[in-house]
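To start, the structure itself, in structure tokens.
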Amino acid sequence: MEYVRICDVYGAGFFYIPGTETCLRIGGYMRYEMHYDDADWVDGNGDLHDYRFGKFARFQLNVDARNETEWGTLRSYVEARFNWNSTGGLVGGSGGTVLNQGFIELQQANGTIRLGKSDTPYARFLGYGSPFGPFDGSYGFNNSGELSYQYNGANGFSAIIAAVERGSGEFEPAVEGGVKLTQGWGDIGAMVGYDTVVEEWGAKLVGNAKFGMFDVGAHLFYASGPGSIYTIGGSEFSVLAYAKANVSQTLAIAAAVQYFDDEYLASNDTWQVTGGLDWRPVSGLRIRPEVQYTTTDTIVGDVDNWRAAIRFDRTF
């Protein structure tokens, strides 16, 4: 009988695939959410309603395989998602089965080559958004095919460059590049992307810092025109700022505010304020209730919207 051997080369949770020198880790989570949105809507019968309530569930399976080669560490990573939505995606995430991420990496001492489907560098390299679950702000998120190289230098400096699939049916990938400096106090960086389909570009500056029990951060966004994957909510400029207080080892309180100038929309300025809790009562369980208020200045007056959600995650 051949017993499964623990592989501690790449961190906790890995084991050797029997008969090989490949290390494997299997993980994931089960999620359940409830969403409320007070926006008016009309159903299929033509009846008007003044709010919408929906539920969302997801099972995600992660598979991470790595082994050493003459070229460095060869890695493959997959995230498969199985989603359900009680409202057909009108509130909360959409339903269906999807390959969220699936890529191959070659990791070397000073850098990593990535090829496959992933959250793009513009979304992930400087950190995603505010520290929330469903309501983490608008920050240029995109998930697509990519070929990227990330350089990891000395003293916390890193840089990335990538070609990102636009899905237009032609060979016209977007181009993204960025730099970041990470230190004990936090990190600061800049990112630029050019959308070849609409011939517009975007950029963002991001800074995050830690002060004892507090985490703070700010994102400044710019888009040269409408319709690109780097345009944030129809804005030329947008600012997202957040603060998080870790009041105990299991509980954190967070707040965020985002401003949109709506330069490329018919409306004027938009403000969005979010607050919530991040509670981890026991190992493997995370509960995040959140509330978000949005107000938009239009030609007919202010348009206000309230949204709320509670997300339960059981990780393994």
Side-chain angles (χ1 to χ4, degrees), residues 29 31 33 35 37 56 58 60 79 81 91-94 100-101 118-144 146 158 160 162 164 174 176 178-180 182 186-193 202-210 214-223 228-246 252-262 269-279 286-296 305 307-311 313:
Y29 63 82
R31 170 173 295 167
E33 296 177 3
H35 287 256
D37 190 324
F56 173 75
R58 168 184 292 159
Q60 176 169 304
E79 285 182 2
R81 290 180 172 177
V91 179
S94 59
N100 186 55
Q101 300 200 64
S118 175
D119 295 346
T120 61
Y122 199 85
R124 72 176 188 268
F125 183 62
L126 302 180
Y128 283 87
S130 59
F132 288 98
F135 305 145
D136 56 350
S138 299
Y139 52 89
F141 178 82
N142 188 27
N143 180 289
S144 189
E146 73 172 73
S158 58
I160 195 168
V164 175
E176 300 179 357
V179 295
K180 181 169 65 172
T182 303
D187 59 78
I188 187 170
M191 197 82 196
V192 177
K204 62 180 175 179
L205 299 174
V206 179
N208 301 284
K210 297 179 180 296
F214 297 99
D215 300 334
V216 297
H219 303 235
L220 172 63
F221 306 96
Y222 170 78
S228 82
I229 56 176
Y230 308 113
T231 305
I232 308 298
S235 300
E236 181 181 20
F237 290 98
S238 180
V239 179
L240 169 64
Y242 74 85
K244 182 178 180 180
N246 301 292
I253 303 171
V257 60
Q258 186 161 11
Y259 165 77
F260 307 85
D261 68 6
D262 291 347
D269 299 347
T270 294
W271 289 89
Q272 196 169 74
V273 181
T274 308
L277 303 177
D278 188 346
W279 184 33
R286 188 177 187 184
I287 303 172
R288 286 178 284 182
E290 300 174 5
V291 177
Q292 185 175 84
Y293 170 71
T294 303
T295 181
T296 301
N305 174 247
R307 296 196 300 166
I310 183 167
R311 170 177 288 182
D313 284 333

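These numbers come from the heavy atoms of this one structure, side chains and all, not from hydrogens, waters or symmetry mates.
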Quiz prompt | Side-chain touch S235/T270, heavy atoms, less than 4.5 angstrom | solution = no

Practice problem: State, to 0.1 Å, how close F260 and G233 come at their nearest heavy-atom pair, and which atoms those are. | Solution: CD2-CA, 4.3 Å

Quiz item: Hey, does F56 have a side-chain heavy atom less than 4.5 Å from the side chain of P134?
Solution: no

Quiz prompt | Chi angles and distances behind the side chain to side chain contact (heavy atoms under 4.5 Å, CB included) call for N305, D37 | solution = CA-CA 8 Å; N305 174 247; D37 190 324; 2.9 Å; yes

Practice problem: Kindly indicate, with the supporting measurements, whether the criterion side chain to side chain contact (heavy atoms under 4.5 Å, CB included) is fulfilled by K244 and D278. | Solution: CA-CA 10 Å; K244 182 178 180 180; D278 188 346; 3.7 Å; yes

Practice problem: Write down the atom of I232, the atom of G140, and the distance for their closest heavy-atom approach. | Solution: CD1-N, 3.2 Å

Quiz item: Under 4.5 Å between any side-chain heavy atoms of M191 and E176, yes or no?
Solution: yes

Quiz item: Counting only N and O atoms by type, is there a donor-acceptor contact under 3.5 Å from the side chain of Q258 to the main-chain atoms of G137?
Solution: no

Quiz item: What distance separates F221 CZ from S138 OG, expressed to the nearest 0.5 Å?
Solution: 8.0 Å

Quiz prompt | A256 to F132 - nearest heavy-atom pair and separation | solution = CB-CE1, 3.6 Å

Quiz prompt | Exam field: side chain E290 to backbone G276, donor-acceptor pair closer than 3.5 Å | solution = no

Quiz item: Between F141 and Y128, what is the ring plane arrangement, given parallel below 30°, perpendicular above 60°, and tilted in between?
Solution: tilted

Exercise. Supply the atom-to-atom distance T120 OG1 to Y230 OH, rounded to the nearest 0.5 angstrom.
Key: 6.5 Å

Quiz item: How are the rings of F237 and Y222 set relative to one another: parallel (under 30°), tilted (30 to 60°) or perpendicular (over 60°)?
Solution: tilted

Practice problem: Please confirm whether K180 makes a cation-pi placement over F125, using NZ or CZ under 6.0 Å from the six-membered ring centre and within 45° of the ring normal. | Solution: yes

Quiz item: So, for R288 and G133, which heavy atoms are closest and what is the spacing to 0.1 Å?
Solution: NH1-CA, 3.6 Å

Practice problem: For K204 and Y122, run side chain to side chain contact (heavy atoms under 4.5 Å, CB included): C-alpha distance rounded to whole Å, both residues' side-chain angles, the deciding distance at 0.1 Å, then the answer. | Solution: CA-CA 9 Å; K204 62 180 175 179; Y122 199 85; 4.0 Å; yes

Exercise. Starting at CG of D313, measure out to CD of Q60 and round the result to the nearest 0.5 Å.
Key: 9.5 Å

Quiz item: Just by modelled atom types, is the A255 backbone N or O under 3.5 Å from a matching donor or acceptor in the T274 side chain?
Solution: no

Exercise. Mind checking the CG-OG1 spacing from L126 to T182? Nearest 0.5 Å is all I need.
Key: 9.0 Å

Quiz item: Which heavy atom of S238 sits nearest a heavy atom of Y259, and at what distance?
Solution: OG-O, 2.7 Å

Quiz item: Can you tell me how far the CD atom of E79 sits from the CG atom of N143, to the nearest 0.5 Å?
Solution: 8.5 Å

Quiz item: What distance do N142 atom CG and R124 atom CZ have between them, rounded to the nearest 0.5 Å?
Solution: 11.0 Å

Quiz item: Do the side chain of E236 and the main chain of D261 share a donor and acceptor less than 3.5 angstrom apart?
Solution: no

Self-check item: Nearest atoms (heavy-atom pairs only) where A203 meets V192
Solution: CB-CG2, 4.1 Å

Quiz item: Under 3.5 Å, is there a donor-acceptor pair between the side chain of T231 and the main chain of G234?
Solution: no

Quiz prompt | Chi angles and distances behind the side chain to side chain contact (heavy atoms under 4.5 Å, CB included) call for Q292, T294 | solution = CA-CA 7 Å; Q292 185 175 84; T294 303; 4.1 Å; yes

